[in-house]
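Step one of this worksheet: look at the structure below.
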Amino acid sequence: MLIDFRSDTVTRPTPGMMEAMMKAKVGDDVFGEDPSINELENMAAGMFGMEAAIFCPSGTMTNQIAIKCHTQAGDEVICDETSHIYQYEGGGIAFNSGASVKLLHGDLGRINAGQVLAAIQPDDPHRPHTSLVALENTSNRGGGSCYDFEEIKKIKAVCSEKKLAFHLDGARLWNAMVAKKETPKQYGEIFDSISVCLSKSLGCPVGSLLLGKKDLIKKARRVRKVFGGGMRQAGFLAAAGIYALQNNIERLAEDHRHAKQIAGAVGSKQFVKMILPVETNIIIFELDESISAPVLVAKLKESDILGYAISPNRVRLVLHLDISKEMTERTIQVFNQL
Ligand SMILES: *Cc1c(COP(=O)(O)O)cnc(C)c1O
């Protein structure tokens, strides 16, 4: 029994999801004729109370399209220093949009309104032009940390006053909403664009959605084509997305419960120096000098448990759809015996 905690992207479609995919009605989505994609986009837009949505092959693409739509070359994007858009999208902000970034030192990936206000460039020809603020909820490098919704509202007020676009990288927004008992409509009211992944915690093989106003999504459709992301009969993938939105959101609470249970066992180990607060489905812990992250990961692998060394002394474990109660219990047992 292999227990794979490397990422919540490793899930395989369940029989129910496979059946939905096999039965999907499809057409050419570049012509706007794929009924399953149209259904998924309408369904997601409806959930968030937003005007429109566009289905894309990856979360990286949805984020990069949003940044491209909100900025001009020479603009500046404000985000946390650990954000996915800066750290893990191959320098895409510069490559695709010719924009620079203003990095803030947030609290476990979460920035606040005061920091954003102070980071806005003055209106001066020497300076880049600040045009976009991007948040990440949950924060991946923050160990799945969630924003306090009141802080998001305060940042929104700054964006409105200073006429800045406001984007949310919500790759794992589903986890945040389940953990904090929030609704998609709350988020839809605040942000100009929201990117959500279907391929992460929701168990789809492929796919992300970008949500926003009609004119923004119209522009996004053009940018998606330029980025090479216009797909044809991708309704098979959209059908998996529809299935996931209908069946796989509430169960995230189970992943969060499992994460807390495993974190309890991890945190009691002598060699674990620090463990980030476990709010959702991610566990990140730091090791003392007695063992390095790659060595611990190799040791866990001997017991068929896969983790990820995110730095020389930090390990990440991510809970997901394919981790059962039995696997959670087995993992706790292995940690207890280490
Ligand atoms: C995974 C992830 C993405 C998108 O990743 P893809 O692999 O391109 O789908 C974006 N933001 C965050 C925070 C992520 O964890």
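Just so it is clear, the values below take in all heavy atoms, side chains as well, and ignore hydrogens, waters and symmetry mates. For ligands, and for the atoms within them, numbers begin at 1 and follow the listed sequence. The structure presented is a predicted model; accordingly, all values stated were derived computationally and were not measured. Along the sequence shown, residues are numbered consecutively beginning with 1.
Taking 4.0 Å as the cut-off between side-chain N and carboxylate O, Asp4 and Arg6 count as a salt-bridged pair. Salt-bridge check for Arg330 with Glu326: failed, with every basic side-chain N at 4.0 Å or more from each acidic carboxylate O. With salt bridges taken as basic N to acidic carboxylate O contacts below 4.0 Å, one links Lys153 and Glu150. Taking the charged nitrogens against the carboxylate oxygens, Asp8 and Arg172 do have a contact shorter than 4.0 Å, which makes a salt bridge.
Taking every non-hydrogen atom of Asn63 and a distance limit under 4.0 Å, the qualifying atoms of ligand 1 come out as 10 (C), 11 (N). Of all atoms in ligand 1, listed by their number and element, those nearer than 4.0 Å to a heavy atom of Arg172 are 15 (O). Against a heavy-atom cut-off of under 4.0 Å, Ser58 is close to the following atoms of ligand 1: 8 (O), 9 (O). Those atoms of ligand 1 that come under 4.0 Å of a heavy atom in Glu136, given as number and element, are 13 (C).
Where the criterion is an N or O separation shorter than 3.5 Å, residue side chain and backbone included, Gly59 meets it with respect to ligand 1. By the 3.5 Å distance cut-off applied to N or O atoms, Glu89 is not counted among the residues near ligand 1.
Of the options Phe48, Phe149, Trp174, a ring-ring contact (aromatic ring centres under 6.0 Å, His included) to Tyr187 is made by Phe149 and by none of the others.
Nearest non-hydrogen protein atom to atom 11 (N) of ligand 1 is Asp169 OD2, 2.6 Å. For atom 7 (O) of ligand 1, the closest non-hydrogen atom on the protein side is Thr60 OG1, 4.5 Å. The nearest protein atom to atom 2 (C) of ligand 1, hydrogens excluded, is given as Lys200 NZ, 2.2 Å; this is a heavy-atom distance.
Defined by atom type and a distance below 3.5 Å, a donor-acceptor pair is missing between the side-chain atoms of His258 and Asn281. Donor-acceptor pairing under 3.5 Å is recorded for the side chains of His256 and Asn175.
With a 4.0 Å cut-off on non-hydrogen atoms, Ile85 does not touch ligand 1 at all. Under 4.0 angstrom from ligand 1, there are no non-hydrogen atoms of Met61.
The closest side-chain heavy-atom distance from Gln246 to Ile242 is below 4.5 Å.
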